[in-house]
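Since the structure comes first, as structure tokens, the remarks are kept for the end.
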Amino acid sequence: MTSAPHPPFSLPTQDELKALVGRAALQYVEPDSIVGVGTGSTVNKFIDALAGVKERIRGAVSSSEASTARLRALGITVFDANDVDALAVYIDGADEIDPRGYMIKGGGAALTREKIVASMAARFVCIADASKQVEVLGRFPLPVEVIPMAARQITRRFAALGGQARLRLQGGQPLVTDNGQHLLDVHGLHIDAPLAFESEVNQWPGVVTVGVFAHQKATLCLLGTAQGVQTLRFD
Ligand code: 5RP
């Protein structure tokens, strides 16, 4: 006797994994609260899901002009960060996340406002697909927002650490962030002491924000995998 063939089985796409964790993050949104909202393609899925429960929240504090536009287009009130005392939760993606919940962020150029909004929140819920998991931070080029006149000096300082900093371009011109500054993407780093690294780079003159989120690490991560959403909790 021959058994019937199994139906074709396909793995979820990266986009489907992003949508999965975006929806899963709703469980951390408290009723009648103001939610901290990050930036990026994964967060866009979260914003779309948030629109479905918008009557149950007061609104959001946003980490970028792009997220603000998407939130407003879906009818979600966006508060100025200066008008809000504290947030219960900040929900954002990551470019890399390590086993301790330390992250590299800023692939979407929004790292400075992301760090500000994250600092207002009691909990940072990271939403990411499994491709973002790493053992050691640094494979993804580290974004660093800089005052334009300091870019060359900061490039030299990274070179002394073995990193190659490249000015991020958009349409052939230096990318200008929401804060009117430039971005360096630093290749070739191996960041095995993220807390010390973040503290060190942060105090270089001209650095606005370094994209290592160690002092502002994730409280937990909702990781999208082929088996479903995995919840990683960090101490
Ligand atoms: C934006 C970020 C994003 O969270 C990060 O780049 C991940 O983006 P995506 O969800 O599109 O993969 O830090 O500055």
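Both ligands and their constituent atoms are indexed starting at 1 by order of listing.
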- From the options Ser41, Gly40, Ser67, select the one whose nearest heavy atom is closest to atom 11 (O) of ligand 1.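 Considering heavy atoms of Ser41, Gly40, Ser67, the nearest to atom 11 (O) of ligand 1 sits in Ser41.
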
- Item | Option nearest atom 10 (O) of ligand 1 (shortest heavy-atom distance, choices Thr42, Ile127, Asn44) |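 Among Thr42, Ile127, Asn44, the closest heavy atom to atom 10 (O) of ligand 1 comes from Thr42.
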
- Query: NZ/Lys115 to OG/Ser63 distance, rounded to the nearest 0.5 angstrom?
  - Reply: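 Going from NZ on Lys115 over to OG on Ser63, the span is 13.5 Å.
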
- What distance separates Arg123 CZ from Thr219 OG1, expressed to the nearest 0.5 Å?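 Between atom CZ of Arg123 and atom OG1 of Thr219 there are 7.0 Å.
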
- Decide side chain to side chain donor-acceptor pair (under 3.5 Å) for Ser67 and Ser62; before the verdict, give the C-alpha distance in whole Å, the side-chain angles of both, and the deciding distance to 0.1 Å. CA-CA 6 Å; Ser67 287; Ser62 166; 4.7 Å; no

Looking at [X], which atoms of ligand 1 are within less than 4.0 Å of one of its heavy atoms?
X	result
Lys18	12 (O)
Asp92	4 (O)
Glu114	1 (C), 2 (C), 13 (O), 14 (O)
Gly93	4 (O)
Gly107	6 (O), 13 (O), 14 (O)
Thr39	1 (C), 2 (C), 3 (C), 4 (O)
Ala109	14 (O)

- Neighbour count above 12 (heavy atom, 6.0 Å) for Glu135 CD: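 No, CD of Glu135 has 12 or fewer neighbouring heavy atoms, counting only those of other groups under 6.0 Å.
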
- Query: Counting only heavy atoms not in Asp80, do more than 12 fall under 6.0 Å of its CG?
  - Reply: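 Yes - once you tally the heavy atoms of other residues, nucleotides and ligands closer than 6.0 Å, there are more than 12.
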
Do we see a donor-acceptor contact under 3.5 Å between the side chains of [X] and [Y]?
X	Y	answer
Thr177	Glu145	yes
Thr112	Thr209	yes
Asp15	Thr13	no

Quick test: of every protein heavy atom, which one is nearest to [atom], and how far off is it to 0.1 Å?
atom	value
atom 4 (O) of ligand 1	Lys105 NZ, 3.0 Å
atom 12 (O) of ligand 1	Lys132 NZ, 2.7 Å
atom 5 (C) of ligand 1	Asp95 OD1, 3.2 Å

- Using distance alone, determine whether Ala110 and ligand 1 share an N or O pair under 3.5 Å.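 Among all N and O atoms of Ala110, at least one is under 3.5 Å from an N or O of ligand 1.
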
- Ignoring angles and geometry beyond distance, decide whether Gly106 reaches within less than 3.5 Å of ligand 1 through its nitrogen or oxygen atoms.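 There is such a contact, yes.
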
- Closest non-hydrogen atom pair, Lys217 against Gly101: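 The answer is CB-O, 3.3 Å.
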
- Query: Where does Ser64 meet ligand 1, judged by heavy-atom distances below 4.0 Å: at the side chain, the backbone, both, or neither?
  - Reply: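 For Ser64, there is no contact with ligand 1 at all, from either part.
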
- Between Leu87 and Phe79, is there a shared hydrophobic cluster once you connect ILVMFWY residues whose side-chain heavy atoms come closer than 4.5 Å?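 Hydrophobic grouping puts Leu87 with Phe79.
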
